[in-house]
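Comments concern the structure below.
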Amino acid sequence: MLIKTLTDFLVQADTRYQIYDLGRRIRPIDNQTFSQIEQNQCPYPWPLQQHAWLAVLFWNPQLSNEHYIWFLKFPLDERGLLHPAAPSQFLESVAEILGSNLTGNLNEEQQQRLASNPAVFKPAQEKLALLHAMIAEKFHLPPSHWYPDVQTYLDGTPEAKPWEQLGLQGFADYVIRLRHDTPVDSLCRLLPKLDETPLYTLCQLLEQSELPKGVFDSLYQMINRELELAEPNPQKIAMLLRATTGAPQAKRRRQLIAKLLMAAPGTELLLVIAARSFEDLCDNDLLELYLKTLATISEPAVLFCPLYRELVSQPQLRLQLLPLLHTGHTDPDIQKGLDSLLSEMRSGG
């Protein structure tokens, strides 16, 4: 059996499957698009550190109700195309360990051999919790046993358990359900009152949700109130902005990012924009402002060069950024950053 791609492998094993990007945010990739990616017909849409970070969910409804997940990372070339050798090597290893029975029970030795494969990685806890919440929603399964207590806490109920006694999975279940049946008025009232630890945890989860307008408005107002302080907290601003990443209010978020870049630029903010809000930089004016801020806030090698490299790897921004290396820029600060980057490239850095 000649197998070159994950798609071939999963189909020939008689499984149904769903691929998720697990890099910056958790996003489903439809099967046709993923097949095109595997055949190098299009670049990977959301690279992170020149890799594709994947969650491969698969199941065989004819055999059992169990679902299985592989967490895999594969290298990409400078154009964002998948290196085909990496998936092939992983699949050869899987075929050797499991044969064609992907959904059978593994013994301890098989589990260890599979986990030691260089393509396998362990996601952060919040992403694991969010993915499990998404899968439960996809298959119409009930939320975790943590969910009721988290819901009571975020409703602002006085007798709710303290946040230290609540499970991360319950917060993830709550956030995923924001799009559907969870009332948000209580959450909007509670957000400004939360301690930093539960607030930051919630922000990391909220970035995965298509935020209701009320929640977005609350986060927007909290950022503006922080800016009005004599000494704004840069980490808090960055985390609150991160929480708005998945909100459909793109125009207002871009206006907010522009305001932040002019009023309170800092390393935390610049990193969050590059990592989470890079799609907002498709706006040419905002991209110019971002590059200008990058070039002036520190020495080029510290921020401008590494973040430019990461941004230019994004297919959405590549055609905007790559020509700057050849045509130059009229802004002297941005040009200084580009010159530093070109010098690094010539020296093999």
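- Without hydrogens or angle criteria, Q169 side chain to A129 main chain gives a donor-acceptor distance under 3.5 Å.
- Between C188 and V215, the closest heavy-atom pair is SG-N, 3.6 Å.
- Under a hydrophobic clustering in which Ile, Leu, Val, Met, Phe, Trp and Tyr are joined whenever their side-chain heavy atoms come within less than 4.5 Å, directly or via other members, L338 and I297 fall into the same cluster.
- Without hydrogens or angle criteria, R24 side chain to A275 main chain gives a donor-acceptor distance under 3.5 Å.
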Practice item. Take T33 and D30 through the side-chain hydrogen bond (donor to acceptor under 3.5 Å, both in side chains) test and state the conclusion after the steps. Key: CA-CA 5 Å; T33 298; D30 69 76; 2.8 Å; yes
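- Under a 3.5 Å cut-off, the side chain of S277 and the backbone N or O of T245 do not form any donor-acceptor pair.
- A salt bridge does not link E268 to R242: none of the charged side-chain nitrogens sits closer than 4.0 Å to a carboxylate oxygen.
- Partners of D285 according to the side-chain contact (heavy atoms from CB on, under 4.5 Å) rule, which considers only residues two or more places apart in sequence or in another chain, are D283.
- In plain terms, the two heavy atoms of L202 and L191 that are nearest each other are CD2-CD2, 3.7 Å.
- At a threshold of 4.0 Å, the pair E210-R177 does not count as salt-bridged, since none of the basic side-chain nitrogens sits closer than that to a carboxylate oxygen.
- A donor-acceptor pair under 3.5 Å is absent between the side-chain atoms of S343 and the main chain of D339, judged by distance alone.
- With respect to R309 and E344, a salt bridge is recorded, a charged nitrogen being found less than 4.0 Å from a carboxylate O.
- The line from CD of E207 to CG of L130 is 8.0 Å long, rounded to the nearest 0.5 Å.
- Note on W163: it does not cluster hydrophobically with W146, by side-chain heavy-atom contacts below 4.5 Å among ILVMFWY residues.
- F139 and H67 have their aromatic ring centers within a separation under 6.0 angstrom.
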Can I get a per-line list of side-chain donor-acceptor pairs under 3.5 Å for residues 39-47, giving both atom names and the distance, sequence neighbours left out?
unit_1 : atom_1 : unit_2 : atom_2 : d
Q39    : OE1    : Q41    : NE2    : 3.2
Q39    : NE2    : S35    : O      : 3.4
Q39    : NE2    : S35    : OG     : 2.9
N40    : OD1    : L82    : N      : 3.3
N40    : ND2    : L82    : O      : 3.4
Y44    : OH     : D21    : OD1    : 2.6

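- Between E196 and K236 there is no salt bridge, since no side-chain N of the basic residue sits under 4.0 Å from a carboxylate O of the acidic one.
- In this structure, the side chains of K259 and N224 come closer than 4.5 Å at one or more pairs of heavy atoms.
- Here the rule is ring pair (Phe, Tyr, Trp, His ring centres under 6.0 Å) with W70, and of Y20, Y17, F58 only F58 fits it.
- Side chain of E310 to main chain of Q49: a donor-acceptor pair is present (N/O by atom type, distance under 3.5 Å, no hydrogens or angles).
- Judged by a 6.0 Å distance limit and a 45° cone about the ring axis, R252 is not positioned over the six-membered ring of F216.
- D333 and A295 get closest at one heavy-atom pair: O-CB, 3.2 Å.
- Minimum interatomic distance between A55 and I69 (heavy atoms only, all atoms of both residues): CB-CG2, 4.3 Å.
- The closest donor-acceptor contact from the side chain of T157 to the backbone of A160 lies at 3.5 Å or more, if one exists at all.
- Side chain of R254 to main chain of L286: no donor-acceptor pair is present (N/O by atom type, distance under 3.5 Å, no hydrogens or angles).
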Exercise for review: Check the pair T244, Q249 against side-chain contact (heavy atoms from CB on, under 4.5 Å), reporting the backbone distance first and the verdict last.
Suggested key: CA-CA 9 Å; T244 71; Q249 294 86 358; over 6 Å; no
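- The main-chain N or O of T5 is never found under 3.5 Å from a side-chain atom of E38 such that the two would form a donor-acceptor pair.
- Ring orientation note: the planes of F121 and W53 are nearly perpendicular, at an angle over 60° on the 30°/60° scale.
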**Study point:** Pair L131-L57, side-chain contact (heavy atoms from CB on, under 4.5 Å): steps then yes or no
**Key:** CA-CA 10 Å; L131 184 63; L57 170 70; over 6 Å; no
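- The hydrophobic cluster containing F34 does not contain L81, counting ILVMFWY residues as joined when their side-chain heavy atoms lie under 4.5 angstrom apart, directly or transitively.
- Residues that satisfy the salt bridge (Lys or Arg N to Asp or Glu O under 4.0 Å) test with E299, not counting sequence neighbours, are absent from this structure.
- In this structure, the side chain of Y153 does not engage the main chain of P148 through any donor-acceptor pair within 3.5 Å.
- In terms of modelled atom types and a separation under 3.5 Å, the side chain of Y290 and the main chain of L261 share no donor-acceptor contact.
- In this structure, P28 and Q18 approach most closely via the heavy-atom pair CB-NE2, 3.7 Å.
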Review point. Under the salt bridge (Lys or Arg N to Asp or Glu O under 4.0 Å) criterion, do D217 and K213 qualify, and how do the steps go?
Key: CA-CA 6 Å; D217 289 343; K213 183 178 181 299; 2.8 Å; yes
Practice item. Go through the steps to decide whether D173 and S144 satisfy the test side-chain hydrogen bond (donor to acceptor under 3.5 Å, both in side chains), and finish with yes or no. Key: CA-CA 7 Å; D173 292 329; S144 70; 2.6 Å; yes
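- Salt bridge R113/E96: present, at least one basic N to carboxylate O contact under 4.0 Å.
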Exercise for review: Would you please test E226 and N233 for side-chain hydrogen bond (donor to acceptor under 3.5 Å, both in side chains) and show each step?
Suggested key: CA-CA 7 Å; E226 191 67 28; N233 182 334; 5.1 Å; no
